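Have a look at the structure below, then the notes.
Since this is a predicted model, take the numbers as computed values, not measurements. Scope of the values below: all heavy atoms of this structure, side chains included, with no hydrogens, waters or symmetry mates.
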Amino acid sequence: MPELSARYNPQDVEEKRLKLWQARKPFHATAGKSAKGPFAVVIPPPNVTGVLHMGHALNNTLQDILIRYKRMQGFDAMWMPGTDHAGIATQNVVEKQIAKEGLTREALGRDKFTERLWEWKARHGDTIIDQLHKLGSSCDWDRLRFTMDEGYSEAVREVFITLHERGLIYQGSYIINWCPRCTTALADEEAEHKEASGNLWHIRYSLKDDPSRGVIVATTRPETMLGDTAVAVNPADERYVHLIGKVIILPLIGREITIIADDFVDRSFGSGAVKVTPAHDPNDFAMGRRHNLEFINIMHPNGVMNANAGQFEGLDRFEARRQIVRALDEAGMLVKIEPHMNAVRRCYRCDTVVEPYLSRQWFVKMKPLAEKALAAFHNGQLRIQPKRWEKVYENWLVDIRDWCISRQIWWGHRIPVWYDEQGNAFVARSEADAMEKAKVKHGKCVVLTQDPDVLDTWFSSWLWPFATLGWPKTGQDLKYFYPTAALFTAPEIIFFWVARMVMAGIEFMGEVPFKDVILHGTVRDAKGRKMSKSLGNAIDPLEIIGEYGADALRFSMILNSGQDIFISKEKFEIGRNFANKLWNASRFVLMGVRPGISDISHFADIDHAALDPASQWVISRYQTALVSVTEAVEQFRYSEAENTLYEFFWGTYCDWYLEMIKGRMDDINTQKAACLVLKNTLKMLHPFVPFVTEEIYSHMAGRETILTFEPWPVHEDKYAHAGAEADIGMVVAIITSIRNIRAQWNIKPNDPVECVFVGAGHALARLRLHETMIKRLVRMSKIRYEAVADGIRNSAAGVAGDVKFFIPLGDLIDIPKEKSRIMAEVAQMEKAAGAIAGRLSNEGFVSKAPAEVIEKERQRMMELKARAVDFSKALACLI
RNA sequence: GGACGCAUAGCUCAGCUGGUUAGAGCGCUGCCCUCACAUGGCAGAGGUCGAAGGUUCAAGUCCUUCUGCGUCCACCA
């Protein structure tokens, strides 16, 4: 293996690792290979239209950390990748594309348009998958699935048919959320509430018998009055009791409608009288049913008023609203306009205001499914983290409403239903099956037409954990990897996806699809806004990868992942700097170590009795870090694990340990310790920063290593020295080294030692020391000055090129620096011991605190005092 | 209208079951181009832990109320 390059270049290293991974395909998991058993994770499939954004970057980094860790633990860790066909979203994208050619989907026709969709998918569908590779995601790429691939589509049909057989799917005409732009029905979850300031228009409806009398109704959507078929009042409202049953004239239209009484009406809101539009409002729809009212649809599917709108026919709904208000005003029917805040529902795909619209759709009866999902949750079969989301999950299931699953679009799974000419529906696996059924019914062959609609995208993605494993076929993979272990996703998607997957899993597999649901935050910009293209505040992960590296992106992202993550570009510097530090520290260790040594992998291979105290100390600190990192990773607390690693590696290993062993690297045991602790730290860091760790590790091992298959380090207590002991050992190490230097350079005990150096000459050369600087060093007179001859120097000469002076600096430690560190530590310990002593003399504490707490405090104080004394002694030796 | 979350150094956040002197990164000040790393090293300034009460020997950490942000859910026209 060649040396690590002098400067860390993430692009080169990452590209190299990616090529290796692509060539060797190491991440493929086979059922039943490991004695430890399966550990499966399914990716939340990104939309095929997707382009990697920070949300994906976070989500996939989290999963990658988990799966890499589990591999290191020896599980058959399988991470299922794939994409979602994303019905409406994808159709919209392609519609926009053909619009550039002056085409519409209607003009193109269903078949041609669908062809264009598949073409688009073939060309762009793998974009996001490629990008996931760049992020370092170690998915089982051989298993890549798509929600509309053949096997998956079969699963979708099977589910539709089975649910229908079980009486859980029905067809009916109800008020649903309709997007006039997408011209399709939407599920309740797909119509998002957004606060908007609107008006409450108060309109006067006059009595037929006595036009001077009437009622005033208030509405936020005046155009719907064209479809009014009643006015309702509360039966207990004295103001209106005498009017119940009277006929009034609908303004502008002139239709005669009746005043009805219904408990639904709130007497205190508005005027206490409500216009009833059964075909355009869910409440009015219910009233319409209760009172047998007429349902008048006033709008075309695209939001344009139809013939029932009379003079307003042909107007867009909002234009109609303006004109109707004006007309009412002119007719003197408009009593007042009151500003009013209300929540308007908008299409989650195109943000168009959704219209409550009466139409015939397919629905899933959710109550029975939800009850099982709730039971599974209450039995502890499903854990949700953080816990605060549990209630959100629960409440939605408790208040669940039926799910409208048919969509009037063309991209998706065609509903497996055929109709005969009389409109009888035949639910079947194929047209042939439907024919058979029709034949049985009619006693002869009849012409059938398939339902033109497709299924909601989520009607396929709720099957993801088992459909990707081959269901409805029951193969080895399905048996082995289902149920999966954990699901990482965003809280926004609890209703759309998580809860529904639980329902489908229980319904079709008899078991929850995953044990742990971990909900992570939303990635926001520095101002807390969601990142979005339209706001122009999005930071492109690929740009960060290009500039700082995928490791840097991952590291910074996870370090910041508490709740919602506020990201600005500067934050990625932390990750970049860390990767750089890793590289350089490793390079330093490798340069000071004999060939072969760095391949060490067991603490037993070190002679601990002969080991220098600094190394004993760092091993001890390493063992502690290992325990806390492992615990944090087990609990999915990745940012905490990463933080511990950051502090251990940078603060302990680099700032203290490497400084201490500089100049003593010729000791074989020290070399071993330095290498082993570094190697194990690389292992622990690997799930977080897979590229740089694997590259360095491979150098140390002397062969290309796929680090995610190296075993996660095991805590070895016998090599962990007690904290105090190890700290003192560190002091002793420093003192020893300084004594040696004094002896070597003949410095009298009371003379201050200003500086002593470790390190080899080649680094000097690398910095291309100028003569002035060399002179300065020489003037310090504590430096020997001689020619360079050993192996290290040779390599230095190579790097140095034309540098003439080589200055071997001998052993070294910067005494004032170490002194101030130790002094600070002593001061800290003394203060801490003092504080505990104060508490121990607190009468209340002594009389009321539990004995074990008191004892623990006492012991801690004694220990701190002892350590402080030892440190002080050590200090005395230094001065 | 319901539910939840957050308020800790100038900025972004850690601080798990109450118990050492409240931490980190960035920024700032000073010194260092010292031999792995200036994507670096060392030293340092900066916090009455949103406000007010309460529980406790002990509270950033538990309870109550308030204030200010934020998120999700919701068929008051």
Subject >> Upstream residue (5' side of RNA chain B) when A/N584 and A/E843 are each assigned their closest nucleotide >> reply: A/N584
Subject >> Set of residues satisfying side-chain hydrogen bond (donor to acceptor under 3.5 Å, both in side chains) with respect to A/Q11, sequence neighbours excluded >> reply: none
Subject >> A/F688/A/F578 aromatic ring centres below 6.0 Å >> reply: no
**OP:** Rounded off to whole Å, could you give me the CD1-to-C1' distance for the A/I260 and B/A77 pair?
**Re:** 13 Å
Original post:
Do the side chains of A/N577 and A/W650 get nearer than 4.5 Å, heavy atoms only?
Top reply: yes
**OP:** Could I get the full list of side chain to side chain contact (heavy atoms under 4.5 Å, CB included) partners for A/A343, not counting sequence neighbours?
**Re:** A/H193, A/E195
Original post:
What residues form a side-chain hydrogen bond (donor to acceptor under 3.5 Å, both in side chains) with A/R637, not counting sequence neighbours?
Top reply: A/Q635, A/E640
Original post:
Between B/G41, B/A77, B/A74, which nucleotide has the shortest distance from any of its atoms to the side chain of A/D655?
Top reply: B/G41
**OP:** Measure the distance from CZ on A/F588 to C1' on B/U34 and round it to the nearest whole Å.
**Re:** 13 Å
When the side chains of residues 544-552 of chain A are checked against the rest of the protein, which donor-acceptor pairs come out under 3.5 Å, sequence neighbours left out?
unit_1 : atom_1 : unit_2 : atom_2 : d
A/E547 : OE1    : A/K569 : NZ     : 3.2
A/D551 : OD1    : A/F691 : N      : 3.2
A/D551 : OD2    : A/V692 : N      : 2.7

Original post:
How far does the P atom of B/U17 sit from the matching atom of B/G60, given to the nearest Å?
Top reply: 15 Å
Original post:
Got a sec, which residues hit side-chain hydrogen bond (donor to acceptor under 3.5 Å, both in side chains) with A/D402, two or more places apart in sequence or on another chain?
Top reply: A/Y170
What protein N or O atoms touch nucleotides 21-24 of chain B N or O atoms at under 3.5 angstrom, if any, and at what distances?
unit_1 : atom_1 : unit_2 : atom_2 : d
B/U21  : O4     : A/Q828 : O      : 2.9

**OP:** Please state whether the rings of A/F649 and A/Y653 are parallel, tilted or perpendicular, taking 30° and 60° as the class boundaries.
**Re:** parallel
Give every pair of a protein N or O atom and an N or O atom of nucleotides 1-7 of chain B that lie under 3.5 Å apart, one pair per line with the distance.
unit_1 : atom_1 : unit_2 : atom_2 : d
B/A3   : O3'    : A/K391 : NZ     : 3.2
B/C4   : OP1    : A/K391 : NZ     : 3.0
B/G5   : O2'    : A/Q563 : OE1    : 2.9

Original post:
To the nearest angstrom, how far is A/F555 atom CZ from B/G25 atom C1'?
Top reply: 11 Å
Original post:
Just checking A/F495: base, sugar-phosphate only, or nothing, at a heavy-atom cut-off of under 4.0 Å?
Top reply: sugar-phosphate
Original post:
Touch check for A/K571, heavy atoms < 4.0 angstrom, all strands: base, sugar-phosphate only, or nothing?
Top reply: sugar-phosphate
Subject >> Salt-bridge present (A/E394, A/K391; N to O < 4.0 Å) >> reply: no
Original post:
According to the interplanar angle, ranging from 0 to 90°, do the rings of A/W583 and A/H699 count as parallel (below 30°), tilted (30 to 60°) or perpendicular (above 60°)?
Top reply: perpendicular
**OP:** Sticking with atom P, work out how far B/G23 lies from B/G46, rounded to a whole angstrom.
**Re:** 14 Å
Original post:
Checking all strands, does A/H340 fall into the base, sugar-phosphate, or nothing category for heavy-atom contacts under 4.0 angstrom?
Top reply: sugar-phosphate
Original post:
Rounded to the Å, how far apart are A/E573 CD and B/G40 P?
Top reply: 9 Å
Original post:
Given the P atoms of B/U67 and B/G25, what is the spacing between them in whole Å?
Top reply: 38 Å
Original post:
So what does A/A343 touch, heavy atoms closer than 4.0 Å: a base, only the sugar-phosphate, or nothing?
Top reply: base
Subject >> Positive for side-chain hydrogen bond (donor to acceptor under 3.5 Å, both in side chains) with A/T224, one of A/E355, A/H280, A/K275 >> reply: A/K275
Original post:
Between A/N560 and A/G844, who's closer to the 5' end of RNA chain B by nearest nucleotide?
Top reply: A/N560
Original post:
Considering residues at least two apart in sequence or located in another chain, which fulfil the side-chain hydrogen bond (donor to acceptor under 3.5 Å, both in side chains) criterion with A/R388?
Top reply: none
**OP:** Mind checking side chain to side chain contact (heavy atoms under 4.5 Å, CB included) for A/V335 and listing every partner two or more places apart, or none if nothing turns up?
**Re:** A/H202, A/R204, A/I216
Subject >> Phosphate OP1/OP2 of B/G19 contacted by A/K848 side-chain N/O (<4.0 Å) >> reply: no
Original post:
Side-chain contact, heavy-atom cut-off 4.5 Å: A/L682 with A/L582?
Top reply: yes
Subject >> Nearest-Å distance once atom P is located in both B/C16 and B/G50 >> reply: 14 Å
Original post:
Taking only N and O in the side chain of A/N577, is any of them less than 4.0 Å away from OP1 or OP2 of B/G40?
Top reply: yes
**OP:** Please lay out, stage by stage, how A/N580 and A/N584 fare under the test side-chain hydrogen bond (donor to acceptor under 3.5 Å, both in side chains).
**Re:** CA-CA 6 Å; A/N580 182 253; A/N584 281 298; 3.2 Å; yes
**OP:** Round to a whole Å and report the spacing from CG of A/D284 to P of B/C75.
**Re:** 14 Å
Original post:
What orientation do A/F495 and A/W396 show, parallel under 30°, tilted 30 to 60°, or perpendicular over 60°?
Top reply: parallel
Subject >> OP1 or OP2 of B/C76 under 4.0 Å from side-chain N/O of A/R267 >> reply: no
**OP:** Between B/C66 and B/A77, how far apart are the C1' atoms? Round to whole Å, please.
**Re:** 35 Å
Original post:
If you check the A/R345 side chain, which of B/A36, B/C75, B/G25 turns out closest?
Top reply: B/C75
**OP:** Starting from Watson-Crick (N1-N3 plus N6-O4 or O6-N4) and G-U wobble pairs under 3.5 Å, report the runs of at least three that RNA chain B belongs to.
**Re:** B:1-7 with B:67-73, B:10-13 with B:23-26, B:28-32 with B:40-44, B:50-54 with B:62-66
Subject >> side chain to side chain contact (heavy atoms under 4.5 Å, CB included) involving A/S586 - partner list, sequence neighbours excluded >> reply: A/L4, A/L678, A/I696
Original post:
Between A/H202 and B/A77, is there a side-chain N or O to OP1/OP2 distance below 4.0 Å?
Top reply: no
Original post:
To the nearest Å, how far apart are A/Y8 OH and B/U39 C1'?
Top reply: 12 Å
Subject >> Whole-angstrom distance between B/C31 and B/U71, as gauged at atom C1' >> reply: 47 Å
Original post:
The side chain of A/V853 lies closest to which of these nucleotides: B/G19, B/C75, B/G40?
Top reply: B/G19
Restricting both atoms to N or O, compile the protein contacts to nucleotides 16-18 of chain B shorter than 3.5 Å, with distance only.
unit_1 : atom_1 : unit_2 : atom_2 : d
B/C16  : O2     : A/R637 : NH2    : 3.1

**OP:** Could you tell me the separation between the CZ atom of A/F845 and the C1' atom of B/A58, rounded to a whole number of Å?
**Re:** 8 Å
Original post:
Expressed in whole Å, how much space separates the P atoms belonging to B/U21 and B/A58?
Top reply: 15 Å
Original post:
Between A/I175 (CD1) and B/A77 (C1'), how many Å, whole number?
Top reply: 14 Å
Subject >> B/A7 and B/A45, which share atom name C1', separated by this distance in whole Å >> reply: 25 Å
**OP:** Look at all strands and tell whether A/W650 reaches a base, only sugar-phosphate, or nothing, counting heavy atoms closer than 4.0 Å.
**Re:** sugar-phosphate
